[in-house]
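Below you'll find the structure, written out as structure tokens, and then a few comments.
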Protein chains: 2
Amino acid sequence: MRMTPQRQLVLDAVRELRHATPEQVCQHVQRTAPTVNITTVYRTLDLLERLNLVRHTHLGHGAPTYSADEHEHVHLVCHRCGRVEEVPCDLLDDLAGTLRQRFGFDLDGSHLALSGTCRDCVNAGGTA
Amino acid sequence: MRMTPQRQLVLDAVRELRHATPEQVCQHVQRTAPTVNITTVYRTLDLLERLNLVRHTHLGHGAPTYSADEHEHVHLVCHRCGRVEEVPCDLLDDLAGTLRQRFGFDLDGSHLALSGTCRDCVNAGGTA
DNA sequence: TTAAGTGCAAAGAGTTTGCAAATAA
DNA sequence: TTATTTGCAAACTCTTTGCACTTAA
């Protein structure tokens, strides 16, 4: 595989933007290289993920977001206001231990977000 | 709001199928009432969710799945083989307490799944 | 000259919307 | 009637695929 200009730009964009959707990555890349196509962005994100240079997280709604592999964290998504908070992965260590012991399940804390209600929305009125 | 035949069939299907996608709910309903449209299924699932009769979970990839509100559980999704396991919600109690204390975040354990590698896939060869 | 990479158009999932016809209060 | 609900078609978002053109080894 060749590190083409397009691929380098996509990787740079992911590193710079932090949890950006493919669409957002594409727009960022197009500021420098307007002809780069969204198809290339999707293909490159796939490739970079197989090389363990980026990873994606499903926030629940809509498109997944991509981050550089260095930034491993757990995402807390508020399903009331949509806000995304990042918290340290080691918060899941106990849970991961329990899941491994009881179910043989090897947890990947960064691939799916945790959903709930953020502080502000809790204060603004209940859990529902 | 009226509990129309269509709505009752959708609710019955969700209760019967357990974590089914809108598409699967629609197919099930159509075995009894072939003219029921997928649009009606989407609208009804929305409605039933606002009434707290059903809830949906994002498994990561593809369409969300719907369950009757009684079946609250945490979903473990294997990102290697796609298998979905259901485990008791109280496994998250400690984590929920920590998140509430440290971030004011009120965790909803059933809305998003946990991702990782299941026992069989771990045994079949590593974590990646 | 050949394999890899790209852009473009089209197609595919999943979902929502506009609107007219059907239904029940 | 009148508001609600439905079905259908079309639109819309997100993603993948087919294919011809380009590019670098």
Side-chain angles (χ1 to χ4, degrees), chain A residues 1-14 17 19-51 53-67 77 79 82 84 111-113, chain B residues 1-14 17 19-51 53-67 77 79 82 84 111-113:
Chain A
M1 95 94 181
R2 276 147 49 205
M3 198 58 179
T4 64
Q6 288 93 330
R7 288 174 174 170
Q8 188 62 55
L9 286 167
V10 168
L11 180 55
D12 292 347
V14 170
L17 295 174
H19 56 70
T21 62
E23 188 63 44
Q24 291 167 334
V25 169
C26 190
Q27 281 172 20
H28 188 91
V29 166
Q30 287 178 342
R31 292 221 282 269
T32 306
T35 67
V36 172
N37 195 272
I38 183 88
T39 305
T40 300
V41 173
Y42 275 107
R43 283 193 282 231
T44 303
L45 289 172
D46 261 23
L47 175 69
L48 296 176
E49 190 149 35
R50 271 181 276 120
L51 296 173
L53 290 171
V54 307
R55 62 172 64 239
H56 73 271
T57 303
H58 294 279
L59 260 28
H61 55 284
T65 62
Y66 285 77
S67 312
V77 184
H79 52 36
V84 179
H111 185 233
L112 289 183
Chain B
M1 95 92 178
R2 275 146 49 202
M3 197 57 180
T4 64
Q6 289 93 331
R7 287 174 176 170
Q8 187 63 55
L9 286 167
V10 168
L11 180 54
D12 292 347
V14 170
L17 295 174
H19 55 72
T21 63
E23 190 63 41
Q24 292 167 333
V25 169
C26 190
Q27 281 172 17
H28 188 90
V29 167
Q30 287 179 341
R31 292 220 283 269
T32 305
T35 67
V36 171
N37 196 271
I38 183 89
T39 307
T40 300
V41 172
Y42 275 106
R43 283 193 283 229
T44 302
L45 289 172
D46 261 24
L47 175 69
L48 296 176
E49 190 149 34
R50 271 181 276 119
L51 296 173
L53 289 171
V54 307
R55 60 171 65 239
H56 74 271
T57 304
H58 294 279
L59 260 26
H61 54 283
T65 62
Y66 285 77
S67 313
V77 184
H79 51 36
V84 180
H111 186 232
L112 290 182

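Everything quoted here is computed from the prediction, not taken from an experiment. All chains are named by letter (A, B, ...) in the order of the sequence lines, taking the proteins before the strands, and each is independently numbered beginning at 1.
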Step-by-step ring pair (Phe, Tyr, Trp, His ring centres under 6.0 Å) determination, A:H58 to B:H58: CA-CA 8 Å; A:H58 294 279; B:H58 294 279; 9.2 Å; no
How many whole angstroms separate atom [atom1] of [X] from atom [atom2] of [N]?
X	N	atom1	atom2	answer
A:H58	D:dC14	NE2	P	14 Å
B:L47	D:dT5	CG	C1'	11 Å
A:L48	C:dG5	CG	C1'	14 Å
B:Q30	D:dG7	CD	P	9 Å
A:I38	D:dT15	CD1	C1'	9 Å
B:Q24	C:dG14	CD	P	9 Å
A:Q8	C:dG5	CD	P	15 Å
A:H61	C:dG14	NE2	C1'	16 Å

Could you check which of [options] has an atom nearest any side-chain atom of [X]?
X	options	answer
A:T40	C:dG7, C:dC19, D:dT5	C:dG7
B:P64	D:dT15, C:dT15, D:dG7	C:dT15
A:Q6	C:dA4, C:dT6, D:dT5	C:dT6
A:T35	C:dG7, C:dG5, D:dT15	C:dG7
B:P22	D:dT6, C:dT15, D:dG7	C:dT15

Check the pair B:H79 / B:V77 against side-chain contact (heavy atoms from CB on, under 4.5 Å), numbers first and verdict last. CA-CA 6 Å; B:H79 51 36; B:V77 184; 5.8 Å; no
How do A:E23 and A:T39 order along DNA chain D: which one's closest nucleotide is nearer the 5' end?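 On the 5' side of the pair lies A:E23.
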Which part of the nucleic acid, if any, lies within contact of A:T21, taking any heavy atom under 4.0 Å across all strands shown: a base, the sugar-phosphate backbone alone, or nothing? nothing
Under 4.0 Å between any heavy atoms, over every strand shown, what does A:R7 touch: base, sugar-phosphate, or nothing? Just pick one. sugar-phosphate
Using a 3.5 Å distance criterion without hydrogens, assess whether the side chain of [X] forms a donor-acceptor pair with backbone atoms of [Y].
X	Y	answer
B:Q6	B:V36	no
A:R7	A:R2	yes
B:R55	B:H111	no

Tell me whether the OP1 or OP2 atom of C:dC8 has a side-chain N or O from A:N37 closer than 4.0 Å.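 True: A:N37 side-chain N/O within range (under 4.0 Å) of C:dC8 OP1/OP2.
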Are any of B:Y42's side-chain N or O atoms less than 4.0 Å away from OP1 or OP2 of C:dT16? no
Using the closest heavy atom to pick a nucleotide of DNA chain C for each, name whichever of B:P5 or B:D46 lands nearer the 5' end.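 Final value for this comparison: B:D46.
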